[in-house]
Student: 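One structure, pasted below without further comment.
Below, chains carry the letters A, B, ... as their sequence lines are ordered, and counting in each starts from 1.
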Amino acid sequence: MKQKVIYWFRQDLRLSDNPALTQACQMGQIIPIYILDHRHAGDGKQGGATCVWLHHALTSLHQDLDQKLLCYQADPIDILQTLCQQHQVKHVYWNRCYEPWRMERDRDIKSTLQATGIQVHSDNGSVLWEPWTIQKTDGTPFKVFTPFYRKGCLQADPPRQPLSKPGAMVLADIDNPKNTIDALNLLPKKFKWGQTLATHWNISEKGAHNQLQTFLSIGIKHYKEGRNFPAKPYTSQLSPYLRFGQISPNQVWHAALQLGNNADIDHFLSELGWREFSYHLLYHNHQLPTQNLQPKFDRFPWQEDATKLAAWQTGNTGYPMVDAGMRQLWQTGYMHNRVRMIVGSFLVKNLLLHWHHGERWFWDCLVDADMASNSASWQWIAGCGADAAPYFRVFNPITQGQKFDPEGQYVKRFIPELKHLPGEFIHCPWQAPSLVLKAAGIQLGHHYPEPIVDVKASRQAALDAFAALKQEQ
DNA sequence: TTTTGAGTTGTTCGA
DNA sequence: GTCGAACAACTCAAA
């Protein structure tokens, strides 16, 4: 009888292309475990939408593991030590995480286990290039995306080829009826939001690969241009699967490369590069989720306005493009990338609310909420990041809507009360003549809100505030 | 060593 | 109606 080893699933909830799991299978019978560790979720608590996703992802993984996955909610070191003792385990395997606080936790766990004669084996299962392998020739980290990607990533060793499922996986038979997924209490109790969310997705490793195949056969062919149009099916929608490791970036990278070489494919690969860049930034800036990368933004006169924030969160700003995005987020746990930029710019540069509010709301509502990507992207749109959007780049929700959702298909999908409004006014209902509004069955302020701010005036206020920051320096 | 041009995603204004 | 300039400051990397 082969010895028992522990495989600790973390952000790699899959069997294929799983380097540490493949190693573990060669060493012995697998005890597969998952540990819910809220203490190390980042800001103290995992977001609501990711909890729902996690519940379904674990359920699917449990099935793929012959109903043998053991789930725990406690300090990982206690769980690991107890299990090792009970089952005479001498080897523990996992794929590495890259958030600074998780790396610190894992270092502690590794040294504690090693002190008791247990070997820990870790591998890279979730990034194309580990953050410490990409640096400038002078040894310091990159701060600008393009050189990071072109000079750093593309000149480094290419991402490894994906592995297949471990051929001979033997699962240890451990009866432990208490350690169920349900006991983790991941689903919200009070309302049906979590159920609605889950209907929009096939939350499994198989579902991830179906999504990839759909994208490769349809979306990627028009990706470079098409990705900007939220009503069109040209984005991959792989982000939540990547977030939970139900598919690996290596699997996605090589599947796209196999299609050949053109501008659409290159552009898609560079989006995987942005994911790497976010991890790179977080690795080198532990305070990325909470502190402005550019300290002068600490003096920015952010407003506090609970009413405006609530209007933004619930999709009631009166700007259809913004509201459609926020409602898509609430209903599906997802938002199209172009629209994320529009709502982000609107929060920060029109409502003048701190990007923290947006970062927290996205953290709670997005099924793909990832600490590195979320905080790096909010700093980017707010203009305080390392390689940020210039402060004067303020998205106009009307112009953006007319450009990227010209017929208002996207808006009407998520704001059905506007569905009879002619395309001419779909992004600016308050400009429609009263007869037109009446014919469309809309009374502004009743069926759909009046604009809560004037974009022209608020944009100017933001620009003035930014200009003041500059002068004070 | 210093200089120089470029850098994901935009808007407005005036000629 | 179209088009170029202006809207910062700073990092990076090639020359």
Student: Using whole Å, what does the distance between atom P of nucleotide dA9(C) and atom CD of Q294(A) come to?
Tutor: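 One finds 12 Å between P of dA9(C) and CD of Q294(A), rounded.
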Student: Any side-chain N or O of Q460(A) less than 4.0 Å from the OP1 or OP2 oxygen of dT11(B)?
Tutor: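 For dT11(B), neither OP1 nor OP2 has a side-chain N or O of Q460(A) closer than 4.0 Å.
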Student: R275(A): which residues meet the salt bridge (Lys or Arg N to Asp or Glu O under 4.0 Å) condition with it, sequence neighbours left out?
Tutor: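 R275(A) satisfies salt bridge (Lys or Arg N to Asp or Glu O under 4.0 Å) with no residue once adjacent residues are dropped.
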Student: If you compare every side-chain N and O of N396(A) against the phosphate oxygens of dG10(B) (OP1, OP2), does one of them come in below 4.0 Å?
Tutor: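 No, outside the criterion.
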Student: Identify every side-chain donor-acceptor pair in residues 416-437 of chain A under 3.5 Å, counting partners at least two apart or on other chains, and give the distances.
Tutor:
{"from": "E417(A)", "atom 1": "OE2", "to": "R327(A)", "atom 2": "NH1", "distance (Å)": "2.9"}
{"from": "H427(A)", "atom 1": "NE2", "to": "G401(A)", "atom 2": "O", "distance (Å)": "3.1"}
{"from": "H427(A)", "atom 1": "NE2", "to": "D405(A)", "atom 2": "O", "distance (Å)": "2.9"}

Student: Do Y448(A) and D323(A) get their side chains close enough for a donor-acceptor pair, meaning under 3.5 Å?
Tutor: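 Yes, D323(A) and Y448(A) have a side-chain donor paired with an acceptor closer than 3.5 Å.
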Student: Using the side-chain contact (heavy atoms from CB on, under 4.5 Å) rule, take L15(A) and L61(A) through it: C-alpha gap first, then chi angles, then the decisive distance, then the call.
Tutor: CA-CA 8 Å; L15(A) 302 186; L61(A) 182 66; 4.1 Å; yes
Student: Do the side chains of R160(A) and D17(A) get close enough for a salt bridge, i.e. N-O under 4.0 angstrom?
Tutor: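 The answer is yes: the pair qualifies as a salt bridge.
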Student: What integer distance in Å separates F148(A):CZ from dC12(C):C1'?
Tutor: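 In whole Å, dC12(C) C1' lies 14 Å from F148(A) CZ.
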Student: Under 4.0 angstrom, heavy atoms only, what part of the nucleic acid is K403(A) near: base, sugar-phosphate, or nothing?
Tutor: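 Sugar-phosphate only.
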Student: Taking any heavy-atom pair under 4.0 Å as a contact, classify P390(A): base, sugar-phosphate, or nothing.
Tutor: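 Base contact.
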Student: Is K151(A) close enough to dA14(C) that one of its side-chain N or O atoms is under 4.0 Å from OP1 or OP2 there?
Tutor: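 Indeed, a polar side-chain atom of K151(A) lies that close.
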Student: Taking the same atom, P, in dC10(C) and in dT1(B), what whole-Å distance lies between them?
Tutor: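 About 22 Å, rounded to a whole number of Å.
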Student: Could you tell me how far dT11(C) sits from dG10(B) if I compare only their P atoms? Round to whole Å.
Tutor: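 Each nucleotide's P atom is 24 Å from the other's.
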Student: In whole Å, what is the span from the CH2 atom of W378(A) to the P atom of dT9(B)?
Tutor: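 In whole Å, dT9(B) P lies 18 Å from W378(A) CH2.
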Student: With heavy atoms under 4.0 Å as the rule, sort P141(A) into base, sugar-phosphate or nothing.
Tutor: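 Sugar-phosphate only.
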Student: Wobble G-U and Watson-Crick pairs count when both distances are under 3.5 Å; given that, what is the 5' to 3' dot-bracket string of DNA chain B, with | for pairing to other strands?
Tutor: .||||||..||||||
Student: Just to be sure I understand the rule, does S345(A) reach a base, reach only the sugar-phosphate, or reach nothing, if contact means heavy atoms closer than 4.0 Å?
Tutor: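 Nothing, no heavy atom under 4.0 Å.
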Student: Quickly work out the Q402(A) CD to dT12(B) P distance and round it to whole Å.
Tutor: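 Going from Q402(A) (CD) to dT12(B) (P), I get 11 Å.
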Student: Rounded off to whole Å, could you give me the CZ-to-P distance for the F229(A) and dT9(B) pair?
Tutor: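 In whole Å, dT9(B) P lies 16 Å from F229(A) CZ.
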Student: How close or far is atom P of dT11(C) from atom CG of D387(A), stated in whole angstroms?
Tutor: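 About 12 Å, once rounded to whole Å.
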Student: Using atom P of each nucleotide, how far apart are dC7(C) and dT3(B) to the nearest Å?
Tutor: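 Per the computed distance, 24 Å lies between those P atoms.
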Student: Please report the distance, rounded to the nearest Å, between CZ in F268(A) and C1' in dT9(B).
Tutor: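 My rounded result for the distance is 17 Å.
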Student: Between R393(A) and dC7(C), does any side-chain N or O lie under 4.0 Å from OP1 or OP2?
Tutor: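 For R393(A), the contact criterion (side-chain N or O under 4.0 Å from OP1 or OP2 of dC7(C)) is not met.
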Student: Hey, can you tell me if H222(A) and Y234(A) have their rings parallel, tilted or perpendicular (30° and 60° cut-offs)?
Tutor: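 The arrangement is tilted - the two ring planes meet at 30° to 60°.
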Student: Say we look at dA9(C) and dT2(B): how far apart would their P atoms be, to the nearest angstrom?
Tutor: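 My reading of the P atoms in dA9(C) and dT2(B) gives 23 Å.
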Student: Can you check whether K136(A) has a side-chain N or O nearer than 4.0 Å to OP1 or OP2 of dA14(C)?
Tutor: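 Negative; the distance criterion is not met.
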Student: Nearest-Å distance, NE2 (H267(A)) to C1' (dT9(B))?
Tutor: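 That distance rounds to 8 Å.
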Student: Check whether any side-chain N or O of S111(A) sits under 3.5 Å from a backbone N or O of D108(A) as a donor-acceptor pair, and report yes or no.
Tutor: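 The answer is yes, because a donor-acceptor pair under 3.5 Å joins these two groups.
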Student: At 4.0 Å (heavy atoms only), tell me whether E271(A) reaches a base, stays on the sugar-phosphate, or touches nothing.
Tutor: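 The residue E271(A) makes base contact.
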Student: Need one value for K456(A): base, sugar-phosphate or nothing, where a base atom within 4.0 Å counts as base even if backbone is also close, heavy atoms only.
Tutor: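 Sugar-phosphate, backbone atoms only, no base.
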Student: Is it the case that over 12 heavy atoms from other parts of the model lie below 6.0 angstrom from the NZ atom of K136(A)?
Tutor: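 It does: K136(A) NZ has more than 12 such atoms within range.
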Student: What's the gap between dT9(B) and dA13(C) when it is taken at their C1' atoms, as a whole Å value?
Tutor: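 Approximately 23 Å lies between the C1' atom of dT9(B) and that of dA13(C).
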